[in-house]
Amino acid sequence: MCTTSSLVPASISFFDSNVNPQHLEDIHLSLFLEYWDSTNIITGIWAVLCFFLHPQMAEDLIETHSVFSHALVSVSIGYFIYDFFDMVVHQKLSQSWELLFHHVVVITCFGISVLSFRFVGFAVVALLVEINSVFLHLRQMLRMADLASGTPYRVNSIVNLGTYVVFRINTLAWMTRWLVLNRDNVPLVSYTVGSVGMAIMTAMNIVLFCRLLRSDFLKSSAREGKKAKEM
C-alpha cells in the first residue's frame with residue numbers, strides 16, 4: 001500500500017523511463033521516506049506474523065482468526081479508503097481509474113470479512129502481496145531519481161519480478177483455487193463477490209506483470225542490443 005497521489009506530479013507515468021523531475025533536488029529525506037511508505041513493510045510483516053502467531057488460521061481461513069489478524073484487515077480498509085479519496089482529490093480520473101477500481105473491490109471484499117468476522121484468514125493471505133509492493137514502489141523511486149540504468153535498479157527489477165510471481169501471481173492463483181474448492185462452505189453472496197474480485201485482481205496483476213516485463217527487461221535488452229550493433 002502506498003499513497004502516491006499527493007507526492008507525485010500528475011504528469012509522471014508509472015512506467016515512464018524518462019522521468020526526471022527538476023524538483024527532486026529539493027525533496028528532503030523525510031519526504032523520500034514518506035514516499036516509500038512504511039505501510040508496505042508493516043503490512044507484509046504483519047500478515048506473515050498473523051499466520052506465525054496463530055497457525056490454526058492457515059487450516060481454516062473462514063472461521064478461525066485472531067484479534068491481531070482482524071485488526072490488520074480493519075486497518076487495511078481504513079488505509080484503502082484514505083488512499084481512495086486522496087487519489088480522487090489529487091489525480092485525474094483518467095490516470096487513476098484503475099487503482100480507484102482496485103480499491104473499491106478491495107474495500108468491498110475486506111469489508112464483508114471485517115463486518116461478518118469470517119474469511120479473515122483469506123483476507124490476510126491477500127495482504128501477502130504487500131511484500132512485493134516494497135520493491136514495486138522502490139522501483140518507482142529509482143525511476144524518479146533518474147537511476148533506471150544503474151546496478152541498484154537492475155537488482156531491484158529482478159527481485160521485484162521474482163517477488164511479483166511468488167507473492168502476487170502465485171498467491172492469487174492459490175486463492176482462486178481455494179475459493180473453487182470451498183464453494184460449498186461459502187455463502188452465495190460472498191462467493192460471488194470473491195469470485196468477481198479475484199477475476200479483476202488477476203487480470204490487473206497480469207497486465208501489470210506484462211508491463212513490468214516489457215519495461216524493465218524486454219526494452220532494456222533491445223536498447224543494449226542496439227548499442228552493441230552501433231559499436
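For clarity, every value in this text was computed on a predicted model and none was experimentally measured. Below, each value reflects all heavy atoms present in this structure, side chains not excepted, and no hydrogens, waters or symmetry copies.
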Original post:
Are side-chain heavy atoms of Val48 and Ile131 found at a separation under 4.5 Å?
Top reply: yes

**OP:** Give a yes or no on whether Met175 and Ile206 share a hydrophobic cluster (residues Ile, Leu, Val, Met, Phe, Trp, Tyr; joining criterion: side-chain heavy atoms under 4.5 Å apart).
**Re:** no

Subject >> Aromatic ring pairing Phe68/Trp46, orientation class (parallel under 30°, perpendicular over 60°, tilted between) >> reply: tilted

Original post:
At their closest point, which heavy atom of Val125 faces which heavy atom of Thr171, and how far apart are they?
Top reply: O-CG2, 3.6 Å

Original post:
Does the pair Glu59 and Thr64 meet the rule for a side chain to side chain contact (heavy atoms under 4.5 Å, CB included), with working shown?
Top reply: CA-CA 8 Å; Glu59 300 175 4; Thr64 303; over 6 Å; no

Original post:
Under 3.5 Å, is there a donor-acceptor pair between the Asn132 and Arg168 side chains?
Top reply: yes

**OP:** May I ask you to check whether Asp216 and Tyr153 show a side-chain donor-acceptor distance below 3.5 Å?
**Re:** yes

Subject >> Chi angles and distances behind the side chain to side chain contact (heavy atoms under 4.5 Å, CB included) call for Leu208, Leu136 >> reply: CA-CA 11 Å; Leu208 179 55; Leu136 195 61; 4.1 Å; yes

**OP:** Kindly say whether Met201 contributes a backbone atom to a donor-acceptor pair with the side chain of His102 at under 3.5 angstrom?
**Re:** no

Subject >> Side-chain donor or acceptor of Thr43 paired with backbone N/O of Asn40 under 3.5 Å >> reply: no

Subject >> Test side-chain hydrogen bond (donor to acceptor under 3.5 Å, both in side chains) applied to Tyr164 and Asn205, step by step >> reply: CA-CA 9 Å; Tyr164 197 101; Asn205 277 276; 3.2 Å; yes

Original post:
Checking side chain to side chain contact (heavy atoms under 4.5 Å, CB included) for the pair Leu127/Ser76: CA distance, chi angles, key distance, verdict?
Top reply: CA-CA 9 Å; Leu127 287 170; Ser76 298; 3.5 Å; yes

Original post:
Counting only N and O atoms by type, is there a donor-acceptor contact under 3.5 Å from the side chain of Ser96 to the main-chain atoms of Leu99?
Top reply: no

Original post:
Are any of the side-chain heavy atoms of His54 and Ser69 separated by less than 4.5 Å?
Top reply: no

Subject >> N/O donor-acceptor pair under 3.5 Å between Asn182 side chain and Trp178 backbone >> reply: yes

Original post:
Would you say the side chain of Phe209 lies within less than 4.5 Å of the side chain of Leu161, judging by non-hydrogen atoms?
Top reply: yes

Subject >> Over 12 non-hydrogen atoms of neighbours within 6.0 angstrom of CH2 in Trp97 >> reply: no

Original post:
Do other residues, nucleotides or ligands put more than 12 heavy atoms under 6.0 Å from Arg183 CZ?
Top reply: yes

Original post:
Tell me, do Gln56 and Asp60 make a side-chain contact under 4.5 Å, heavy atoms counted?
Top reply: no

Original post:
Where do His103 and Phe84 come nearest, in terms of heavy atoms and distance?
Top reply: CD2-N, 3.8 Å

